[in-house]
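Inspection log for the structure reproduced underneath, given as structure tokens.
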Amino acid sequence: QVQLAESGGGLVQAGGSLRLSCAASRNMFSINVMGWYRQAPGKQRELVAVCTSGGSTNYADSVKGRFTISRDNAKNTVYVQMNSLKPEDTAVYYCYADGFVSGGRYLEVWGQGTLVTVSS
């Protein structure tokens with residue numbers, strides 16, 4: 001019923017760029033926070049970058065200056081442009097969104113994850 005469709009992951013050499021996209025299903029009609037987390041093997045899931053419906057952003061210190069999050073509210077879509085990628089960026093990247101859905105419930109939704117591998 002509610003899902004996040006992720007795209008853009010893949011294999012890239014260090015110094016390269018990728019752009020991830022995530023589109024929430026239309027029945028999530030009032031999204032508050034939307035953005036990206038990541039999880040490397042054996043490590044906890046961590047925030048990468050998120051954006052609120054009002055445009056406020058929050059970035060992990062490790063990606064500031066390299067990653068840029070943007071959001072198209074009309075399309076229920078969030079993007080992250082990842083430049084100057086490093087091997088330490090290798091992880092499964094998960095889209096996240098929270099907000100109201102049809103029926104009046106407030107949900108927190110995760111995407112299935114997309115793998116980003118940065119080779120040295």
To check you understand the geometry: which heavy-atom pair defines the closest contact between [X] and [Y], and what is its length?
X     : Y      : result
Cys22 : Trp36  : CB-CZ2, 3.5 Å
Pro87 : Ser120 : CG-CB, 3.9 Å
Ser25 : Asn27  : OG-OD1, 2.6 Å
Ala40 : Ala91  : N-CB, 3.9 Å

Q) Is a salt bridge present between Lys86 and Asp89, judged by a nitrogen-to-oxygen distance below 4.0 Å? A)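 A salt bridge is absent here (no side-chain N lies under 4.0 Å from a carboxylate O).
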
Excluding Phe29, membership of its hydrophobic cluster (Ile, Leu, Val, Met, Phe, Trp, Tyr; side-chain heavy atoms within less than 4.5 Å) reads Phe100, Tyr106

Does a side-chain heavy-atom distance below 4.5 Å link [X] with [Y]?
X      : Y      : value
Leu47  : Asn58  : yes
Tyr96  : Val109 : no
Tyr59  : Ile69  : yes
Leu85  : Leu18  : yes
Gln81  : Ser70  : no
Val80  : Tyr93  : no
Val116 : Leu20  : yes
Tyr94  : Arg45  : yes

Side-chain polar contacts of residues 2-11 - donor-acceptor pairs under 3.5 angstrom, sequence neighbours left out - could you list them?
residue: Glu6; atom: OE1; partner: Gln112; partner atom: N; Å: 3.2
residue: Glu6; atom: OE1; partner: Gln112; partner atom: NE2; Å: 3.2
residue: Glu6; atom: OE1; partner: Gly113; partner atom: N; Å: 2.8
residue: Glu6; atom: OE2; partner: Cys95; partner atom: N; Å: 2.6

Counting only N and O atoms by type, is there a donor-acceptor contact under 3.5 Å from the side chain of [X] to the main-chain atoms of [Y]?
X     : Y      : value
Arg66 : Ser84  : yes
Arg71 : Thr77  : no
Thr90 : Val118 : yes
Asn76 : Met28  : yes
Arg38 : Val48  : no

Tell me, yes or no, whether the heavy-atom count around Glu46 atom CD, taken from other residues, nucleotides or ligands under 6.0 Å, exceeds 12.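 Correct, the count exceeds 12.
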
**Request:** Applying ring pair (Phe, Tyr, Trp, His ring centres under 6.0 Å), run through Trp110 and Tyr37 and close with a yes or a no.
**Result:** CA-CA 10 Å; Trp110 293 93; Tyr37 291 70; 5.1 Å; yes

Joint hydrophobic cluster, Val50 plus Phe67, side-chain heavy atoms closer than 4.5 Å
no

Does NZ or CZ of Arg19 come closer than 6.0 Å to the centre of the six-membered ring of Tyr79, within 45° of the ring's axis? yes

Separation between CG (Leu115) and CD (Gln39), nearest 0.5 Å, reads 12.0 Å

Next item on the list: Applying side chain to side chain contact (heavy atoms under 4.5 Å, CB included), run through Ser17 and Met82 and close with a yes or a no.
Entry: CA-CA 5 Å; Ser17 298; Met82 307 187 296; over 6 Å; no

